[in-house]
Amino acid sequence: MTFRSFMDLALTEARAAAARGEVPVGAVVVDRAGQVVAQVSNRTRELHDPTAHAEVLAIRAACAQLGSERLVGHDLYVTLEPCAMCAAALASARIARLYYGASDPKSGGVAQGARVFAHVQCHHVPEVYDGIDAAAAEALLKAFFAQKREGN
């Protein structure tokens with residue numbers, strides 16, 4: 001079986017988030033057959049919900065569609081390294097593989113900071129692949145925050 005990345009869809013979602021004034025993070029959940037089950041982006045400001053990160057919304061949408069609290073065998077693509085909250089949600093949902101773009105030295109919870117999957121309390125650890133289209137994800141984030149600093 002040939003690997004196919006779905007990061008292009010996550011990047012499309014990240015761009016949509018930026019256009020709405022949200023931090024540009026997009027996430028996509030894909031099933032074992034390679035079908036997209038959920039495709040979303042950050043909505044924390046729009047929903048007035050600090051938990052409305054792209055990963056959490058993607059997990060919620062995929063679980064609702066499947067009628068299950070578990071996403072066994074599913075993959076998640078996200079443009080930014082998940083924070084500790086999102087990494088814990090990925091473990092709880094039993095995501096099989098996590099593919100992420102940019103590293104997050106300030107708030108990351110996978111390879112940086114909390115390193116949720118390394119804790120003995122973490123009951124499920126997905127396979128993790130980082131750096132997928134990292135340059136594109138980083139460029140989106142840098143442009144977004146540069147614009148915020150300029151006051152636009």
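None of these values were measured; they are calculated from a predicted model.
Contact of the Val28 side chain with the Asp75 side chain is not registered, since no non-hydrogen atoms from C-beta on lie closer than 4.5 Å. The closest side-chain heavy-atom distance from Arg32 to Val72 is below 4.5 Å. Counting heavy atoms from C-beta outward, Ile95 and Glu55 have side chains that stay 4.5 Å or more apart. In this structure, the side chains of Val56 and Met85 come closer than 4.5 Å at one or more pairs of heavy atoms.
Tracing side-chain contacts under 4.5 Å through hydrophobic residues (I, L, V, M, F, W, Y), one reaches Tyr100 starting from Val37; they form part of the same cluster. Using a 4.5 Å cut-off between side-chain heavy atoms of Ile, Leu, Val, Met, Phe, Trp and Tyr, with links allowed through other members, Val78 and Leu141 fall into the same hydrophobic cluster. A continuous path of ILVMFWY side-chain contacts below 4.5 Å connects Val25 to Val128, so both sit in one hydrophobic cluster.
A side-chain donor-acceptor contact under 3.5 Å links His119 to the backbone of Ala114. Of the possible donor and acceptor atoms, none in the side chain of Arg43 sits under 3.5 Å from a partner among the backbone N and O of His48. A donor-acceptor pair is defined here as one N or O able to donate and one able to accept, closer than 3.5 Å; such a pair exists between the side chain of Thr79 and the backbone of Gly26. For Glu81 (side chain) and Ala111 (main-chain N/O), a donor-acceptor pair under 3.5 Å exists by modelled atom type.
Closest heavy-atom contact between Ala52 and Leu47: CB-CD1, 4.0 Å. Across all non-hydrogen atoms, the minimal contact from Asp31 to Ala33 is OD1-N, 3.0 Å. In plain terms, the two heavy atoms of Gly109 and Ala87 that are nearest each other are O-CB, 4.0 Å. For Leu71 against Cys63, the heavy-atom pair with the smallest separation is CG-SG, 3.8 Å. Nearest heavy atoms, Ala58 versus Ala38: O-CB, 3.5 Å. Listed here is the closest heavy atom pair of Asn42 and Glu22: O-CG, 3.5 Å.
Under the ring-ring contact (aromatic ring centres under 6.0 Å, His included) criterion, Tyr129 pairs with Tyr99, sequence neighbours left out.
When only modelled atom types and interatomic distance are considered, Arg60 and Thr51 share a side-chain donor-acceptor pair under 3.5 Å.
Note: Lys142 NZ to Leu140 CG = 12.0 Å, rounded to the nearest 0.5 Å. In this structure, Ser41 OG and Leu9 CG are separated by 12.5 Å, a value rounded to the nearest 0.5 Å. Between the NE2 atom in His123 and the CZ atom in Arg94 there is a gap of 7.5 Å [rounded to 0.5 Å]. Atom-to-atom distance recorded for Asp130:CG and Ser103:OG is 5.5 Å, nearest 0.5 angstrom. A distance of 8.0 Å separates OG in Ser107 from CG in Leu80, rounded to the nearest 0.5 Å. A distance of 11.0 Å separates CD1 of Ile132 from CG of Leu11, quoted to the nearest 0.5 Å.
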For Leu66 and His74, what are the C-alpha separation, side-chain angles and deciding distance, and is it a side chain to side chain contact (heavy atoms under 4.5 Å, CB included)? CA-CA 11 Å; Leu66 296 171; His74 287 68; 3.5 Å; yes
Can Leu98 and Phe117 be said to form a side chain to side chain contact (heavy atoms under 4.5 Å, CB included), step by step? CA-CA 11 Å; Leu98 164 65; Phe117 302 140; 4.1 Å; yes
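Taking the centre and axis of the six-membered ring of Phe145, the NZ or CZ atom of Arg149 falls outside the cone set by 45° and 6.0 Å.
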